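Take a look at the structure below.
The figures that follow rest on heavy atoms only: side chains count, while hydrogens, waters and symmetry mates do not. Ligands are counted one by one from 1 in listed order, and the atoms in each one are counted from 1 as well. Keep in mind the model is a prediction, meaning the values are calculated, not measured. Residue numbers run from 1 in the order of the sequence given.
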Amino acid sequence: MNLSFDTDLIYGYKSKSQIVRRMTENWVLNNSYCPNCGDFPLIEFENNRPVADFYCKYCSEEFELKSKKGKLSTRVSDGAYKTMIERINSENNPNFFFLTYTKNWTVDNFLIVPKQFFTPEIILKRPPLPATAKRAGWVGCNIDISKVAEAGKVFLVKNSQIINPNEVHQSFQKTLFLRSKNEAAKGWILEVMNCVDSIKKDTFTLDDIYKFEHELKSKYPNNNYIKDKIRQQLQLLRDKGLIEFNGRGIYKKISNGKI
Ligand SMILES: [Zn+2]
């Protein structure tokens with residue numbers, strides 16, 4: 001994997017956004033493998049197909065690319081709000097690649113948020129375009145990455161360092177089980193994943209996570225067994241290799257993409 005963009009591609013394009021689009025897409029084509037199966041290279045969809053930008057010819061996973069200069073921010077702008085929500089609800093949204101690059105045209109971060117982590121909660125509605133705009137009234141959306149659980153941010157490149165592809169593959173595989181869960185079951189797992197992420201320690205106790213009981217109760221007011229639900233999700237996360245039990249009520253996080 002070469003972290004530099006092919007800057008020869010600048011020639012022939014006038015608009016900055018076209019140049020960036022061309023260079024980042026070209027970089028993905030020449031450098032990215034499929035995080036699901038490892039196949040290389042990815043294939044580009046024909047232009048103007050709204051489905052996604054790339055797919056894997058071996059396992060058929062689809063990927064959309066979003067890129068941004070500078071720091072990895074928590075919000076990334078995307079297309080129409082309504083379309084995005086419809087795609088999430090009908091489960092035909094692609095996986096998202098997020099790429100950040102430096103002023104020297106090199107890749108700083110390149111990560112994938114697998115599609116099973118996309119829920120309506122992480123899609124924020126933007127204000128409608130003003131009456132003076134060409135597309136007056138159009139409503140776009142932002143993707144709020146800060147609401148995505150850590151297990152749903154699989155880095156291929158982190159802070160300009162390339163992550164071992166085997167580790168990327170394992171991290172990607174670990175959460176595929178979420179795709180077979182119904183919305184309610186997945187909702188609980190993602191909630192507890194976020195609670196675990198909010199604990200700022202690598203090891204934690206059951207009491208640490210029970211502190212989120214109130215918060216979860218406000219989201220599930222009809223559930224009177226919140227602690228049981230929490231323990232059930234922790235058990236599942238343990239079985240799937242996302243956390244470890246160290247005995248006597250001590251749990252340990254397992255992180256992705258450690259450098
Ligand atoms: Zn693949």
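- In the model, Y210 has a side-chain atom that pairs as donor or acceptor with a side-chain atom of R231 under 3.5 Å.
- The side chain to side chain contact (heavy atoms under 4.5 Å, CB included) check on S198 picks up F212, with sequence neighbours excluded.
- Protein N/O/S atoms nearer than 2.8 Å to the Zn ion (ligand 1) total 4.
- Counting heavy atoms from C-beta outward, N93 and M84 have side chains that stay 4.5 Å or more apart.
- Every residue meeting the side chain to side chain donor-acceptor pair (under 3.5 Å) condition with E121, not counting sequence neighbours, appears here in chain and number order: T119.
- For N2, there are no side chain to side chain donor-acceptor pair (under 3.5 Å) partners two or more places apart in sequence or in a different chain.
- Under a 4.0 Å N-O distance rule, the pair D197/K253 does not qualify as a salt bridge.
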